[in-house]
Amino acid sequence: MRKIVIAIDGYASTGKSSIAKLLSSHLNYIYVNSGSMYRAITFHAISKELIPLTKKNINTLISLLSDIQLDYRINNSTGFYDIYLNNTNLESKLKSLEVSNHVSSIAEIPQIRKHVVKIQKSFQHKGGLVMDGRDIGSVVFPNADLKLFLTASDDVRAKRRYDELINEGYEINYEDIFNNIISRDKKDSKRKDSPLIIPKDAVVIDNSKMNIIDQLNFIIKLIKTKFNF
Ligand code: DC
């Protein structure tokens with residue numbers, strides 16, 4: 001059976017990675033979370049004390065890019081790829097509000113996007129790929145076989161992210177999470193380089209009232225219809 005490339009884009013906290021993981025497991029495909037690369041670079045910038053992102057700090061970060069080795073390695077216990085920066089597994093460190101509050105400013109720097117997109121594109125040859133992010137259907141894989149765009153109401157998204165972080169032991173308040181996702185959407189949609197857009201050939205899924213199994217069933221049906229699987 002032909003292996004396809006599935007691009008999942010959408011607003012912050014619309015459950016892109018949850019459905020991407022489930023879908024990739026169902027199809028026995030590789031799943032790559034593209035946002036984790038921008039988050040890893042943000043984590044690195046914070047550790048190198050390059051925040052606030054003054055012009056000087058941005059230039060320093062750009063000059064460090066050639067020394068930042070980013071790669072994904074399979075985690076045998078989860079079956080998914082974890083992100084490594086200079087051989088350190090950062091997977092569990094990237095969801096903090098501190099990283100979330102700075103990541104959109106890092107992600108709008110064109111030199112950083114160029115560096116990251118090159119690595120993301122290298123996954124295409126593997127075939128059988130699900131990648132989620134903001135510019136996957138528009139820039140990284142404009143010829144993706146299937147493009148999905150997820151959206152949900154602001155409150156539903158904030159509540160989901162809040163519950164997820166509380167379950168993982170983070171100390172956060174709902175208002176901060178709500179403000180973070182709204183301001184990231186705004187910044188991600190307004191940036192000059194590869195803004196978050198709805199690709200014209202994408203299927204838009206508003207999952208405000210759908211659970212994850214409803215979403216999986218909907219997407220599987222779509223794939224069956226479109227590709228005769
Ligand atoms: O998917 P995420 O919420 O972990 O992504 C974090 C940020 O990274 C998001 O607010 C914008 C940026 N991002 C991007 O610009 N392009 C992508 N393909 C993925 C993420």
Side-chain angles (χ1 to χ4, degrees), residues 5-21 24 31-46 51 53 58 61 68 70 72 80-83 85 90-124 129-142 144 147-152 154 156-158 160-162 164-165 168 170 172 176-199 202 207:
V5 172
I6 302 173
I8 305 182
D9 291 300
Y11 297 110
S13 299
T14 41
K16 297 181 293 297
S17 61
S18 305
I19 188 62
K21 277 183 179 169
S24 66
Y31 163 58
V32 176
N33 175 344
S34 72
S36 64
M37 301 187 77
Y38 296 100
R39 286 180 180 267
I41 295 176
T42 305
F43 182 85
H44 193 66
I46 294 168
I51 304 288
L53 279 178
I58 291 176
L61 185 60
I68 297 178
L70 279 174
Y72 291 95
F80 294 112
Y81 279 89
D82 283 351
I83 180 121
L85 190 147
L90 290 188
E91 198 61 34
S92 63
K93 302 204 157 92
L94 302 180
K95 279 195 195 152
S96 70
L97 197 54
E98 191 183 16
V99 170
S100 296
N101 279 339
H102 298 294
V103 65
S104 289
S105 303
I106 298 271
E108 70 180 356
I109 302 170
Q111 291 89 336
I112 289 180
R113 298 203 74 79
K114 201 170 161 212
H115 185 81
V116 160
V117 167
K118 197 170 159 202
I119 303 169
Q120 291 163 354
K121 280 180 186 278
S122 72
F123 275 91
Q124 185 163 23
L129 174 69
V130 182
M131 191 179 286
D132 75 325
R134 303 294 188 289
D135 61 344
I136 308 306
S138 56
V139 173
V140 182
F141 298 127
K147 297 180 189 180
L148 305 172
F149 189 95
L150 300 194
T151 182
D154 297 348
V156 165
R157 294 187 292 133
R160 281 184 193 149
R161 177 54 62 106
Y162 175 79
E164 182 191 359
L165 291 175
E168 290 179 20
Y170 286 92
I172 34 127
D176 289 341
I177 299 295
F178 186 93
N179 292 337
N180 172 262
I181 64 173
I182 301 301
S183 75
R184 272 198 295 139
D185 284 347
K186 210 185 226 171
K187 221 169 165 51
D188 295 341
S189 306
K190 291 212 164 130
R191 69 177 173 231
K192 283 209 188 85
D193 187 350
S194 325
L196 169 64
I197 55 158
I198 304 179
N207 63 21

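Position 1 is the first residue of the sequence; numbering continues from there. Counting starts at 1 for both ligands and their atoms, in listed order.
Of the residues listed (Thr14, Asn207, Asp185, Thr151), the one engaging Arg157 in a side chain to side chain donor-acceptor pair (under 3.5 Å) is Asp185, and it is the only one.
Qualifying ring-ring contact (aromatic ring centres under 6.0 Å, His included) partners for Phe149, counting only residues two or more places apart in sequence or in other chains: Tyr11. Judged as a side-chain contact (heavy atoms from CB on, under 4.5 Å), and not counting sequence neighbours, the contacts of Lys95 are Glu164, Leu165, Glu168, Tyr170. Every side chain to side chain donor-acceptor pair (under 3.5 Å) that Arg184 has, sequence neighbours left out, goes to Asn180.
In terms of modelled atom types and a separation under 3.5 Å, the side chain of Tyr72 and the main chain of Gln120 share no donor-acceptor contact.
Contact shell of ligand 1 (protein heavy atoms, cutoff 4.0 Å): Ser34, Gly35, Tyr38, Arg39, Val103, Ser104, Ala107, Arg113, Gly133, Arg134, Asp135, Ile136, Arg184, Asp188, Arg191.
Atoms OG and NZ, on Ser105 and Lys187 in that order, are 4.0 Å from each other to the nearest 0.5 Å.
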